[in-house]
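Step one of this worksheet: look at the structure below.
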Amino acid sequence: MSYFRAAVDATTGYIPGEQPKPGTKIIKLNTNENPYPPSPHAIEVLRNIDSEWLRRYPDPYAQDFCLAVSEVLEIPTDWIIVSNGSDELLNVIIRACAEGSDRPVVYPMPTYVLYRTLTSLQPAEAIEINYPQDFQLPTDQLVAAKGAVTFIASPNSPSGHIVPLDDLRELATRLSGVLVIDEAYVDFAEYSALTLVKEFDNVIILRTMSKGYSLAGLRLGFGIANPQLLSGLFKVKDSYNIDAIATLVGAAAMRDRIYKNECAEKIKQSRAKLAIDLKNLSFTVRPSQGNFLLATPPKGNAESLYLKLKEQGILVRYFKQTGLEDKLRITVGTEQQNQTLLEALVQLLA
Ligand SMILES: *Cc1c(COP(=O)(O)O)cnc(C)c1O
């Protein structure tokens with residue numbers, strides 16, 4: 001007899017990208033972190049944390065952070081739920097809404113692998129619908145799958161495509177379950193679907209401080225939806241899910257819009273340049289609205305290229321997954337990091 005539930009035994013567990021110790025001399029272009037430091041205002045707040053904040057339990061609703069989000073995004077604070085990274089919120093939504101094959105979790109593939117992992121640990125069925133080659137949203141199939149939860153990452157990883165607002169609107173109209181729009185990469189995109197939370201009571205938008213705000217190590221994410229939809233999620237989340245430090249540091253980072261936008265602008269410019277440079281090396285590169293590029297190397301040798309880059313201390317992401325075996329997902333780094341990557345590729349492809 002196993003110590004674990006059958007669902008746990010049957011799950012491989014999420015395999016995150018490699019995380020070498022900070023200070024290791026490595027160029028890390030494998031987990032879509034922001035290459036620039038967090039807002040100086042946020043770092044200042046971190047330096048001045050009063051130990052009294054640590055002695056006491058944190059605010060269960062992280063209201064200081066909610067207030068900052070509310071100011072910046074112009075939404076009422078009771079439309080916001082804060083989580084320990086948006087990963088936690090994905091889990092809370094699945095646990096609150098999905099159950100068995102009557103209340104399945106539905107998402108188009110390829111997408112963020114964690115949707116599958118988190119669902120497989122719950123007594124809930126996952127229904128995976130393949131995106132067509134051109135990444136048009138397979139709306140009819142998604143609707144037919146009748147998800148209690150439907151996840152759409154937009155911009156999507158690893159493809160980098162963004163789903164048109166009208167497609168999301170149609171999906172929200174036709175679904176009876178919850179539509180989760182995961183906007184982890186919104187800070188690098190042309191538009192957001194935020195307005196849909198006001199139009200539809202079954203839509204929740206997920207955001208994270210990990211990518212656009214350079215705070216992946218802080219673990220802070222949030223969801224935006226009408227209070228009625230949030231009420232069920234509040235029951236399921238841990239009561240003290242966000243620590244006191246994350247609440248205060250995150251609020252300062254959120255308010256420093258100028259800094260965040262400057263970093264995002266630099267990354268978008270580097271993204272365009274890196275795409276051109278990779279194409280010049282005969283890579284096929286998908287247009288991307290994230291801080292990464294999905295690129296197919298010229299000789300179809302993605303896995304060996306990934307391993308050779310790793311030997312040289314350059315980490316990119318390789319997914320051993322149908323449709324992705326011949327591709328690499330490369331996080332956009334600083335100009336200098338991108339240059340080092342390109343020089344290594346020139347050598348390896350020679
Ligand atoms: C990075 C990422 C997340 C997770 O963000 P955290 O807030 O760090 O948990 C969620 N969804 C997608 C699509 C991501 O790429």
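Order of listing sets the numbers, starting from 1, for every ligand and every atom in it. Values reported hereafter were calculated over all heavy atoms of this structure, with side chains retained and with hydrogens, waters and symmetry mates removed.
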When distances are taken from atom 4 (C) of ligand 1, the protein heavy atom at minimum range is Asp87 OD1, 3.0 Å
among protein heavy atoms, the one nearest atom 9 (O) of ligand 1 is Arg219 NH2, 2.8 Å
Using modelled atom types only, decide if a donor and an acceptor are shared between the side chain of Asp59 and the backbone of Gln63 within a distance under 3.5 Å. yes
When distances are taken from atom 8 (O) of ligand 1, the protein heavy atom at minimum range is Ser210 OG, 2.6 Å
Atom 1 (C) of ligand 1 has as its nearest protein heavy atom Lys211 NZ, 1.4 Å
Contact region, Glu88 to ligand 1, non-hydrogen atoms below 4.0 Å, reads neither
Could you tell me whether the side chains of Arg329 and Ser157 share a donor-acceptor contact shorter than 3.5 Å?
yes
For Thr208, the atoms of ligand 1 under 4.0 Å from one of its heavy atoms are 5 (O), 6 (P), 7 (O), 8 (O)
Fill in: Any side-chain donor near an acceptor of the partner, Thr340 and Gln336, under 3.5 Å
no
Item checked: Test item: side-chain donor near acceptor, Ser192 and Arg207, under 3.5 Å -> yes
Of Asn156, Leu118, Asp87, the one forming a side chain to side chain contact (heavy atoms under 4.5 Å, CB included) with Tyr112 is Asp87
When distances are taken from atom 5 (O) of ligand 1, the protein heavy atom at minimum range is Ser86 OG, 3.1 Å
Distance-only donor-acceptor check, side chains Ser70 and Thr77, under 3.5 Å: no
- Between Tyr213 and Tyr259, ring centroids under 6.0 Å: no
Atom 13 (C) of ligand 1 has as its nearest protein heavy atom Asp182 OD2, 3.4 Å
In this structure, atom 15 (O) of ligand 1 is nearest to the protein heavy atom Tyr185 OH, 2.6 Å
